[in-house]
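Below is one structure, written out as structure tokens, with a few remarks after it.
In the text below, chain A, chain B and the rest are named by the order of the sequence lines, each starting its count at 1.
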Amino acid sequence: MSFYQSHWVLTFLIFAPLVGAAFCLLVSVERAKWVALVTGLVEFVVAAPIFYYFQTASGNCSVTSPFGQTHPLPLFHNCVAAPWIPGWGIYYRLGLDGISLFMVLLTAFLLPLTVLGSWTYIQSRQKSYYAMLLALTTGVIGVFVSLDMFLFYIFWEMMLIPMYFLIGVWGGKERIYAAVKFFIYTTAGSLLMLVGILYLHLRYQVAYPGAGPTFSYFDLLHTPLSPTEQWFLFAAFAIAFCIKVPVFPFHTWLPAAHTQAPTAGSVVLAGVLLKMGTYGLLRFALPLFPLAAVDHRTVMLFMVLGLIGIIYTAMVAAVQPNSKRLVAYTSVAHLGFAILGIFAFNLQGIQGALILMIAHGVSTPMLFFLLGMLYERRHTYELEDFGGLAASIPIFAVMLVFAAFASIGLPGTSGFVSEFLVLIGTFRVHPWVALIGATGVIFAAYYMLPMVQKVIFNALKKPANRGIPDLNAREIAVLVPLVVVILWIGVFPQPFLQRMEPAVNHLVEQLQTAKSATASVALSAPASAPSHR
Amino acid sequence: MILAFQEALQTTGAELGAHGGFRPTLLGLIVLLPLLGFVVNGAAAVVAAIRSRPAPRSLAGHEHPSEEAGHAEGDEAHPADIAEHEEHEEHGHAHGPKPWTHVLPSFVAPGVLFLAFIIAVVNLFGMLHAHLVAPVVQTYWSWLPVGDFQIPAALMLDQLSMVMVLIITGVGSLIHLYSVGYMKDDPGYPRYMACLNLFVFFMLVLVLGASYPLMFVGWEGVGLCSYLLIGFWFSDKANADAGYKAFIVNRVGDVGFLVAMFMLFANLGTLTFPGVFDAARTALPYGGAVVTAATLFLFLGATGKSAQIPLYIWLPDAMAGPTPVSALIHAATMVTAGVYMIVRSSALFAMAPVSSLVVALVGTLTALFAATIGTKQWDIKKVLAYSTVSQLGFMVAAVGMGAYVAGIFHLMTHAFFKACLFLCAGAVIHAMHEALHATHSDADAQDMRNMGGLRRFLPITFVTMGISTLAISGIPPFAGFFSKDEIIGAAWTGMEGASPLSAASLWGVSGATWMAIFGVLLSIAAFLTAFYMGRLMVYTFFGPNRTGEVERRHLHEVGWTMTVPLVVLAALATVGGLLNVEGEVPVVRWFDFGQGAALERWLHPVLAGAEDVYAAHTVAAEPVHAAWPILLAIAIGVAGLLAAWFALRPARLRAAGEEPDYTNDLGRLLYHKWYIDEIYGALVVRPVRVLANAFYSVVDRGTIDGIVDDVFGYGSVVVGLVTGRIQSGQLNTYAFMIVLGVLAVLGAFLVY
């Protein structure tokens, strides 16, 4: 088996940043960023071919149940199941499918850009900064490829620590408040999830005494659970993931964390950390507890929370005087669409949500990069300090206009593809929700365009804004890859869609089966809607 | 990625369906050429912008700061179009050889448009030759393939899109050429041309896209370009605000478009044009709730783009952009997208008589309402802006009444005469600016009260604008007469029961009665149109000149790049009406459209779906061709112009300083545009702002963060302090805890 057919590519992607982090600490201060850059580039160069090698629905994985039967797993690729703490049923179990594929690629794609984006931004404690940035990547990739729930939890918690330090050490004035808030919020959710994982683990053992202990995702999928158990476990997992997304009303850690984090921290936070929440819903919360997930009360709750996210946070974003805080709130608004798409339980909705996770993972980082570049020149994020910058830094202005319109989902950019699919999927099952959600496109313009105007348009009055240098080659090199991906997904999303379709299809089938199992419960789908897959 | 592209091309096939031996020639190139122009001009724009960056203040010690601010790029508030480049001229920037960034766009921007126009004409002849009936769809790649939702990236060429492409590239070429003269000295000239090319690209996607989502790509794309071009002189906050307003108001309409697409897909399972129109016929009941709702939502989209009540408010503000932009985007092409969309969806609107009547009603009210405002504006561009809103109302009324050909006909003639009017206004403003600039007068160059007698100084502009005024006022034989007469005529025949909608009803009132109301209101609007256009001409070109002695010497006609488009457009405004006249029109006959009115025959295949629906579900009387509507229309036009002449008495006009803005309450109401902007501000803009602030301070900071920080945050500290005491380090306490724990576990086992 070649590198790209085996688990070694995933193992490499997890541990290469950790090795790079160790080197960062060992080398001299001036070399630390070079080590980080090389690590980042290697990470990306190694990860990129997965996109090519990932042939849909032809995974060569199989799973052996505790009873000794072996089942093929056509949806998963690059699997491994090596014993780690076999006595407790904990395995080093990895795998990649259409849902995790793009999260891994996105993480690897953003890593070299974040290093390059921090190049001059970070002036203090560079060695440990880059070590943290790399260690963070290890945790994030681990989360996306772990199929052992204990291992998943380890990576989930592991990623918290570097992020905590990134905000707390290299952040802005209120960095300690923001870092602690971030940590406590997330940990509170994580602990709930840990309880859930342990319960599942024990419940499986009780149900199948002969099977031996297991944390395998594939085993736990078959845990027999009563509806009540499903409810509580779903709640435990969903709260953990909703805090991460974040879903209203668990979102207030995000503006604080974003505003205080250094640019690269915000980029990773918006780019991939938030996606761990939606990924967790898709990978764990929905398939493990389908009865609770498809219950119409759950669905309506999430639809309402998604709508609140879309409209309420967009309005809150519009009144922010701080540009970074504004963009932070827009993340909540964007991911509200993802929530709608996920809980539409159909192909368009969930694929739209997955595309949205990628789209938001490039357009919002682009905005954070741009604001960071501006901060390096002006040492402020306050909108009132800018104005008329299109005259003094035109390349920056062009990039900002592009990023803003990508963020508000102009057709031709990735944002449109994602929101359109989400809404069309949602409309098939909950027309009113989609109708209200569609007004989000107005609010997106309502918060984003005044920000653009206050930064680059209007009169160039402030003397400090006149002589500042335009973007340099390094900064342009950070932004151009993001532009390319935004346009690629906007114009030709098929390569993305076709790679995720089999996995999403499988998930949709699972959920629809659960839905027909609870068919006695009145569903809110209108009679006129055609049947969904 | 390249592999994936090839893969996609193979799976979808490069070409679907060749009809009647007709294969479009280089169809994709029509769309791509403007995009290419955008790329080239965009590169030039970036280079130019970098070169003209303002110096840091510390380095500019030799110049007076306030003066310096004046001629750095886009640095000063300019209420009018050309002040910018004049600043530069005076300060020596425009002298000497121009940098390549200001030369290249002059050739590239109009060049790509002209090439695209040539290709379009070649295709027109191909279609005529092949007697094309069915639309030709060319598929390039699979754009949005998700399960049963399949949207290919495909272009569709049919008679309707051909008309639109000819208008866009033809009138577009002329306006690009005009722009070379009008904008070449502006420091942002390459940026301007790049945006203009990008606009044409999106506009062509809008009319050539083979599905609703692809149409939406163009729909929002033109909105982006409109935003960028309205706020082209971005250093003036008012301009940037106007661009923002345009975009956000349009987005309100776009929600309607989106929801309509969702409804159509949920009910029909497809969003490609042929698919939707085929499926709708069988899947949706005539006059049913779904088709009515979907068409009303589509129409909401149209009210945004085509500036109808209640979303027209952005268009007058859009005049903040350069005047050629007003001509191309905000008169001839983009704002007609809503009309195009309704005609494109005619098969759906025909199935929804209620929606159609609503469309016609909104169009009629808009036509009348905007015309009333137009009679009391002093800014020459504002008059034309409200005139555009009003004329779009005529078109929308036409397509609402099922007179689709009349709507497209008026769209076309309007593109000629309104583009000409705007470009003439641009020439007038250009001349006025130079004159006022000579004495550093701060008089408003766009205020018609400051003009007067310009016919002696700008003869070509006077003649071409005069022709266009006659055209828009509905004076035969100019183009607007025929198209507007067809619209009002449709109302009159509908009144007599000869329209498919005559038998329909809205709010308990029969279609025939509505048609009578539309006919009367549109006739009043037509009278007002003639009146305000006559007023515009009188104030601008007649009577004594109201600029000063010195200024007068600087008034002169504009250069050839600007007069040639004026002359061509005026010629089209003169003869364009012949394209849809019953009978044998000499030149039009060469094109072999067949018998009868050329445009009607040409568009017939596009409207066949709607006609089938009408034939199956409605009974309409045979239209009676009476002479009185035509005579009435002529009388109204002449009366309006004469009323303006005699009411104003050119010799007595006074300049802005002396002539009051309004003299009575009605005048005040109209001058302030019925206070609609203020009403919207009070009812929508401010409440949303207040709500947003309340959300942030009360809910987000107050409630949620209050609970999180105070209850959980502070609470955890308290809990930590309390529980911390348990860890006292005393072994006996720990032992006690262990015993408690063991008991609890044992108890649990006992219970379960």
Side-chain angles (χ1 to χ4, degrees), chain A residues 181 184-185 249 252 312 315-316 318-320 347-348 351-352 388 390-395 398 401 405 410-412 416-417 420-421 423-424 427-428 431 434-435 438-439 441-442 445-446 449-450 453 456-460 463 466-467 470 488 491-495 497-498 501 528-530 533, chain B residues 1 4-5 8 46 49-50 53-59 72-75 77 141-147 149 213 216-217 220-221 224 231 234-237 240 244 247-248 251-252 254-255 258-259 261-263 265-267 269 290 688-689 691-693 695-696 700 704-705 708 712-713 716:
Chain A
K181 197 167 183 174
I184 291 183
Y185 246 117
T252 57
Y312 164 87
M315 289 174 77
V316 172
V319 296
Q320 299 304 318
L347 206 56
Q348 288 84 25
Q351 291 220 53
S392 57
I393 42 175
I395 300 177
V398 170
V401 168
F405 277 91
L410 195 82
F416 172 71
V417 171
F420 190 70
L421 288 176
L423 287 173
I424 214 156
F427 190 90
R428 300 179 92 169
L435 205 153
T439 60
V441 305
I442 307 172
Y446 181 64
L449 296 189
Q453 184 178 341
I456 61 171
F457 298 149
N458 298 346
L460 182 58
R466 295 185 71 86
D470 207 342
W488 181 11
V491 174
F492 188 56
Q494 194 200 19
L497 291 167
Q498 78 184 28
E501 180 158 335
S528 64
R533 290 206 282 165
Chain B
M1 186 178 160
F5 256 112
V46 171
I50 293 169
R53 293 176 56 210
R57 180 138 304 187
S58 56
L59 298 177
E73 189 219 0
D75 222 24
W141 67 87
S142 176
W143 181 38
L144 290 177
V146 184
F149 179 68
F216 192 71
V217 171
E220 286 237 305
L224 162 73
F234 54 79
S235 357
D236 187 350
K237 184 168 181 300
Y244 166 62
F247 195 87
I248 201 142
R251 273 233 150 170
V252 176
D254 292 354
V255 171
L258 279 173
V259 172
M261 282 195 277
F262 303 154
M263 294 182 102
F265 178 69
N267 288 284
V290 171
V688 170
R689 195 84 198 161
L691 191 63
N693 272 311
F695 276 163
Y696 178 56
D700 231 59
I704 300 177
D705 255 3
V708 169
F712 289 106
S716 65

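Proximity to chain A (any heavy atom under 4.5 Å) is shown, for Val290(B), by neither the backbone nor the side chain. Contacts of Leu258(B) with chain A are made by side-chain atoms alone, with heavy-atom separations under 4.5 Å and no backbone atom involved. When heavy atoms are compared at a cutoff of 4.5 Å, Ile395(A) approaches chain B solely by way of its side chain, counted from C-beta outward. Proximity to chain B is limited to the side chain of Tyr185(A), based on heavy atoms less than 4.5 angstrom apart. In this structure, the portion of Phe405(A) lying under 4.5 Å from any heavy atom of chain B is its side chain and not its backbone. Only the side chain of Leu497(A) comes within less than 4.5 Å of a heavy atom of chain B; its backbone N, CA, C and O stay farther away. Using a 4.5 Å cut-off between heavy atoms, Gln351(A) touches chain B through its side chain atoms alone. Using a 4.5 Å cut-off between heavy atoms, Val708(B) touches chain A through its side chain atoms alone.
For the options Arg689(B), Arg251(B), Met261(B), heavy-atom pairs under 4.5 Å to chain A are most numerous at Arg251(B). Chain B forms the most heavy-atom pairs under 4.5 Å with one residue out of Asp470(A), Ile456(A), Ile424(A), and that residue is Ile424(A). Contacts with chain A were tallied for Val259(B), Leu691(B), Ile248(B), Val46(B); Ile248(B) has the most, counting heavy-atom pairs under 4.5 Å. Comparing Pro394(A), Gly412(A), Pro249(A) by how many heavy-atom pairs each has under 4.5 Å with chain B, the most go to Pro394(A). Per-residue counts of heavy-atom pairs under 4.5 Å with chain B were compared for Val401(A), Val441(A), Leu435(A); the largest is that of Val441(A). Contact count versus chain B (heavy atoms, under 4.5 Å) is highest, among Val398(A), Ile184(A), Ile393(A), Leu421(A), for Leu421(A).
The nearest pair of heavy atoms linking Gln453(A) to Asn458(A) is NE2-OD1, 3.2 Å. Shortest non-hydrogen contact noted between Ala438(A) and Leu423(A) is CA-CD1, 3.9 Å. Minimum interatomic distance between Pro145(B) and Gln494(A) (heavy atoms only, all atoms of both residues): CG-CG, 3.5 Å.
A donor-acceptor pair under 3.5 Å links the side-chain atoms of Arg53(B) to the main chain of Ser392(A), judged by distance alone. Within the 3.5 Å criterion, the main-chain N or O of Val146(B) finds a donor-acceptor partner in the side chain of Gln348(A).
A centroid separation of less than 6.0 Å is found between the aromatic rings of Phe416(A) and Phe216(B).
Side-chain contact check for Pro411(A) versus Phe420(A): every heavy-atom pair is 4.5 Å or farther apart. Taking the side chain as every heavy atom from C-beta outward, Phe149(B) and Leu347(A) never approach each other to under 4.5 Å. Side-chain contact between Pro450(A) and Tyr244(B): present, with at least one pair of heavy atoms (C-beta onward) separated by less than 4.5 Å.
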